[in-house]
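Taking it in order: structure first as structure tokens, then the write-up.
These numbers come from a predicted model, not from an experiment. Below, read A as the first sequence line, B as the second, and so on, with proteins coming before strands; counting in each chain starts at 1.
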Amino acid sequence: MSKNVYLTTAIPYVNGAPHIGHAMDYLLADTYARYQKSLGNNVRFQAGTDEHGNKIFKKAKELNVPVQEYVDTNARKFQDFIKKLGVENTDFIRTSDKEHVRRCQEIWRRLSAHIYKNSYEGWYCEGCERFITEKEVEENGGICPDHQKPYEKLEEENYYLRISDFKAEIAQKIESGEMLVLPDFRKNEVLKLLEDTPDVSISRPTEHLSWGVPVPDDPSQVMYVWVDALANYITVLGYPEQDISDFWPAEVQFVGKDILRFHAIIWPAILLGLGLPLPKVLHSHGHILANGAKMSKSIGNVVDPLEVVERHGLTAFRYYFLRHCDTFLDSDFTWDDFERAYAGELANDLGNLVQRLATLCKKADLSGIKFETPKLDAEYKKLMDEFYSSRAFDVAWSKVQDVNKAIDGTKPWMIAKEGDQEKLEKVLKELVEQLLAANALIAPFLPDTSAKILSIFTAEKILPPEVPLFPKG
RNA sequence: CGCGGGGUAGAGCAGCCUGGUAGCUCGUUUGGCUCAUAACCAAAAGGUCGUUGGUUCAAAUCCAACCCCCGCAACCA
């Protein structure tokens, strides 16, 4: 019985190059998507780009290119990036799409009962073209460090979304698990934040923000990020003019821990305002640290994901970030660890295993064997269903290691020496089946490798690959 | 007194909710094997479970106080 499964990833802001954090979103979602597909489910998998706002507008002006051209170029970079990661998304939405813009305006109209206009007064920097928090003003002594100009008090009109209309319902749905916030320890954090969340400003006057979705029926205002960006998850499905109930509510929405709050508070408020159900699961992953520190351009410890892919290929990249980086906690990346994982685990555990078992089969002239279809391990399935994919991957890997143990335990080369062909074939068949079972567990994580292994052992004649799966040195 | 997470073998983590001989992966040491990418398998060493006090027959686990680290604001998931 196949069911529809919709999953989403956060849409990155296209003012920079794709980095490792974006990759985590995609990899986790892709792994889950492949897992669902292997269960026979019908998966719809959204990805996209967030393309409005001042930063992008200014950047384009700096580069002296039309804004649309600038975002087109950058959106393409992200699309290429996704392809390079082997991610099988079914949809790609860009917030500058005409259809998206039109749908956002319709969504705004439908939310109008919960939107009100109010004036906002705060410290503003002419150079930065943005409001500065009270705290920041204090820290900088009232003068913008970037522009050497004093902040000004400024008042402007904004539209606000009345979060307070929905707080109780959101809290109830988070508490009850109707919208499951993962990992568990983030749940309290989010509930606390929710209590203190004021109504949120969702527009800017055009003189402060021009590159965005115009607020319907008010040419003086442009939508500020929230409705525009968050709505992508449903506009991509064709909301509001299409019936999206086949795929909405989403099975799971993948976000980084830094943007969980928006997805757990503002996004549900929008959905409730539209009379739509909330996503079943909000999945927030940890961040990747570099040598124990937060990656940052100013420190200069940013790890370029494409450089990592280049080192030992995509499989090694997926392997490292899906297994050694905890799904929910922050994890450290170092090149040493990465090298160790490649040589010590991919090459020695799995690559070598394929090599030795295929060689044993070849020497025994094993052919024409019907292998049984493997069943999913229960512990693995449980972890995958709980979205703890790094742990599920651990389980899968332990099954790989079990095959190495089993080969040492059964010693097929001894049986071959004794000349008992019947026993040898039986033993090898069982070993291959054990490997194929482990291989099936690996498939969502390392699809290419898994496919190669399957083709090696289900071929007419089993032969070791001419080039090892994971060459060393 | 802002909110939250954490401090368990050299490293990364589990165990804590529902107290009862301290566990996993990697690394280290030793032994075995030879089918295999000098790969694989087995065994061993290594911990006063942040500190102090309390509850208890019994505390990594429950309670209290304290110390330290990291997020919540910024180019950044």
Side-chain angles (χ1 to χ4, degrees), chain A residues 9-13 15-26 28 55 128 130 132-136 138-140 145-146 183-193 195-196 254-261 284-289 292-302 305 323-326 328-332 334 336-337 340-341 343-364 390-391 394 397-398 401-417 424 428 431 464-465 467-473:
Chain A
T9 54
I11 53 172
Y13 198 56
N15 65 338
H19 62 75
I20 216 115
H22 304 123
M24 281 314 279
D25 254 27
Y26 297 138
L28 290 168
K55 281 182 195 162
C128 303
R130 66 181 183 96
I132 313 296
T133 60
E134 205 57 62
K135 204 175 151 194
E136 208 178 326
E138 218 171 287
E139 274 171 15
N140 296 330
D146 295 333
D184 203 46
F185 64 82
R186 297 264 176 233
K187 194 163 136 180
N188 291 333
E189 201 176 308
V190 162
L191 286 168
K192 266 274 167 18
L193 278 168
E195 277 174 36
D196 304 334
F254 291 91
V255 298
K257 65 172 187 179
D258 55 316
I259 54 170
L260 173 64
R261 53 198 303 179
S284 72
H285 61 259
H287 286 186
I288 309 297
L289 311 176
K294 222 169 154 176
M295 281 191 208
S296 118
K297 283 176 198 164
S298 36
I299 299 178
N301 63 344
V302 175
R323 173 140 193 254
H324 286 283
C325 294
D326 188 281
F328 295 115
L329 307 175
D330 288 356
S331 304
D332 201 24
T334 65
D336 273 0
D337 280 348
R340 229 192 318 274
E345 297 167 27
L346 276 174
N348 291 352
D349 286 348
L350 183 58
N352 178 57
L353 168 61
V354 168
Q355 208 75 17
R356 71 193 293 213
L357 188 53
T359 303
L360 285 165
C361 290
K362 180 189 165 198
K363 287 185 177 171
S390 59
R391 295 241 173 117
D394 280 341
W397 207 258
S398 77
Q401 292 169 317
D402 285 348
V403 183
N404 270 323
K405 292 192 216 305
I407 293 178
D408 279 74
T410 51
K411 300 191 190 347
W413 58 92
M414 293 292 284
I415 303 173
K417 257 183 208 160
L424 180 60
L428 285 177
L431 289 171
V467 179
L469 253 36
F470 303 104
K472 288 198 289 189

When rounded to whole Å, the CH2 to P distance for the pair A/Trp413 and B/rG32 reads 16 Å

Protein-nucleotide distance (A/Asn404, atom CG; B/rG32, atom C1'), rounded to Å: 15 Å

Does A/Arg261 put a side-chain nitrogen or oxygen below 4.0 Å from OP1 or OP2 of B/rA73? yes

For atom CG of A/Asp336 and atom P of B/rG27, their distance in whole Å: 13 Å

Give the nucleotide from the list B/rA39, B/rC75, B/rC72 with an atom nearest to the side chain of A/Lys55. B/rC75

Take the protein atom NZ of A/Lys411 and the nucleotide atom P of B/rG32, then report the distance between them rounded to whole Å. 13 Å

Can you check the A/Lys417 NZ to B/rC35 P distance for me, whole Å? 6 Å

Would you say the side-chain atoms of A/Asp25 pair up with the backbone N or O of A/Ala10, donor to acceptor, closer than 3.5 Å? yes

Hey, is the side chain of A/Lys192 poking within less than 4.0 Å of OP1 or OP2 on B/rG4, counting only N and O atoms? yes

To the nearest Å, how far apart are A/Glu189 CD and B/rC3 P? 13 Å

Output the single nucleotide from B/rC26, B/rA36, B/rC33 whose closest atom is nearest the side chain of A/Arg356. B/rA36

Nucleotide of B/rU37, B/rG71, B/rU34 approaching A/Met414 most closely (side-chain heavy atoms): B/rU34

Name the pairing partner of B/rC49, where a pair is Watson-Crick or G-U wobble with both distances under 3.5 Å, or state none. none

Does a side-chain N or O of A/Lys405 approach OP1 or OP2 of B/rC40 to a distance below 4.0 Å, or not? no

Please determine, for B/rA38, whether a Watson-Crick or G-U wobble partner exists with both distances under 3.5 Å, and give it or none. none

Candidates B/rA42, B/rC40, B/rC26 - which lies nearest the side chain of A/Asn352: B/rC40

Closest to side chain of A/Gln355, choosing from B/rA36, B/rC76, B/rG4: B/rA36

